Amino acid sequence: MTAPAVEGDTRTAPMLLVADPDAGLVRQLSTAMQAAGVDVTGVPDGAQALLQAGALRPDAVLICASLPIVGPVDFVRAVRLMRAVPVLLGIDFGSDAEQALQALEAGATACVARPYRVPELLPLVQAAFRRHDGHRTVLTIGDVELDVTAYQVRVGGRVVHLPLREFELLHYLMRNADRTVTREQIMRNVWHSNDGMSTNTIAVHVKRLRARLGDVEDTMIQTVRGVGYRLVSG
């Protein structure tokens with residue numbers, strides 16, 4: 001566990017706030033994450049998590065779906081009023097899917113497996129740390145706004161909740177607006193894979209992303225036949 005940061009400190013390592021009543025699980029995760037260069041502060045309930053989220057200003061917050069005192073949905077709603085920070089929801093196998101959905105609708109960034117796996121968490125925390133500069137980074141194309149820091153997308157001012165992979169896909173397409181990106185580039189930069197993954201996987205995610213954005217005629221995210229995709233800004 002780390003000591004509280006002093007106001008004005010400049011951190012040189014990512015900070016993860018973990019809210020989970022299982023002290024043993026938190027200790028295990030803390031040891032593993034700190035070995036990977038991530039500072040971890042653990043708290044046992046949602047009330048303390050809200051206090052520390054404001055005091056420590058972590059780069060990311062991990063809460064369990066069974067968070068006591070202040071539950072995950074209320075926690076996400078409250079923390080969203082304070083600042084833009086990625087909130088990851090840890091869910092057990094076979095847990096209540098409706099509760100996870102409500103947390104995502106309230107503004108949670110993504111669901112991760114509990115017990116926690118460092119390879120799953122580490123890229124998310126490191127990415128949040130790299131993006132943190134004290135300001136929100138927002139990409140805007142047409143009526144689509146993508147908040148990189150908060151992992152949030154708005155279409156016409158309305159929040160649209162995207163699964164993490166679709167968020168990363170949209171982010172990549174928006175950063176390369178009006179340029180054709182190949183399927184191989186998408187595999188490498190979104191899936192971080194070079195193993196020749198099926199292009200149908202990308203097509204399925206693009207189809208779902210279009211539906212969530214209301215791109216019913218494929219005019220925003222265009223298919224470049226035989227090559228890849230292009231997100232059109234105008």
Side-chain angles (χ1 to χ4, degrees), residues 1-72 75-76 78-80 82-93 95 99-100 103-104 107-134 137 147-152 163-165 167-168 171 189-193:
M1 306 294 177
T2 60
V6 178
E7 186 175 356
D9 280 357
T10 300
R11 292 202 299 268
T12 58
M15 176 182 288
L16 173 66
L17 174 63
V18 181
D20 194 301
D22 188 334
L25 185 61
V26 174
R27 283 194 300 270
Q28 183 180 22
L29 176 64
S30 177
T31 299
M33 291 295 281
Q34 287 177 347
V38 177
D39 292 333
V40 176
T41 294
V43 294
D45 59 64
Q48 292 189 48
L50 283 175
L51 290 174
Q52 297 299 341
L56 299 180
R57 301 185 65 81
D59 297 292
V61 180
L62 170 63
I63 61 174
C64 80
S66 56
L67 196 64
I69 302 182
V70 176
F75 173 86
V76 171
V79 83
R80 282 282 168 260
M82 291 193 295
R83 58 186 295 253
V85 58
V87 179
L88 310 174
L89 181 69
I91 57 175
D92 295 288
F93 179 76
S95 61
Q99 186 180 43
L104 290 170
T109 303
C111 293
V112 296
R114 182 177 183 271
Y116 308 115
R117 297 192 292 263
V118 172
E120 183 177 13
L121 292 172
L122 189 58
L124 301 175
V125 179
Q126 290 174 330
F129 176 65
R130 288 194 296 267
R131 295 182 185 114
H132 179 72
D133 60 2
T137 303
D147 188 324
V148 179
T149 305
Y151 284 89
Q152 189 175 81
L164 184 59
R165 191 71 73 184
F167 179 92
E168 293 177 342
H171 183 207
N189 291 282
V190 177
W191 270 263
H192 307 291
S193 172

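Note that the structure is predicted; figures quoted are calculated from it, not measured.
- In terms of heavy atoms, P14 sits closest to V125 at CB-CG1, 3.8 Å.
- Here CG of L164 is found 9.0 Å from CD of E120. Values are rounded to the nearest 0.5 Å.
- Closest non-hydrogen pair, A49 versus F75, comes out as CB-CE1, 3.5 Å.
- Looking at V76, L17, L88 one by one, the single match for side-chain contact (heavy atoms from CB on, under 4.5 Å) with I63 turns out to be V76.
- Distance check: Y116 OH to L62 CG gives 4.5 Å after rounding to the nearest 0.5 Å.
- Side-chain contact between R165 and W191: present, with at least one pair of heavy atoms (C-beta onward) separated by less than 4.5 Å.
- Among all heavy-atom pairs drawn from L89 and A65, the shortest one is CD1-CA, 3.8 Å.
- Across every non-hydrogen atom of I69 and A47, the tightest pair is CG2-CB, 3.8 Å.
- Under the 4.5 Å side-chain criterion, counting only non-hydrogen atoms from C-beta, L124 is not in contact with P86.
- Atom CG of residue L67 and atom CD of residue Q48 lie 10.5 Å apart, to the nearest 0.5 angstrom.
- Taking 4.5 Å as the limit, some side-chain heavy atom of V38 sits within range of a side-chain heavy atom of L122.
- Here the CG atom belonging to L29 is positioned 6.5 Å from the CG atom belonging to L16, to the nearest 0.5 angstrom.
- With hydrogens and angles disregarded, a donor-acceptor distance shorter than 3.5 Å links the side chain of D59 to the backbone of M15.
- No side-chain heavy atom of F167 sits less than 4.5 Å from a side-chain heavy atom of T109.
- In this structure, SG on C64 lies 8.0 Å from CG on D92, to the nearest 0.5 angstrom.
- The heavy-atom pair separating A19 from D45 by the smallest distance is CB-O, 4.3 Å.
- Judged purely by atom type and a 3.5 angstrom limit, S30 has no side-chain atom pairing as donor or acceptor with the backbone of V26.
- Shortest non-hydrogen contact noted between A36 and Q126 is O-NE2, 4.4 Å.
- In this structure, CZ in R114 is found 4.0 Å from CG in D20, a value given to the nearest 0.5 Å.
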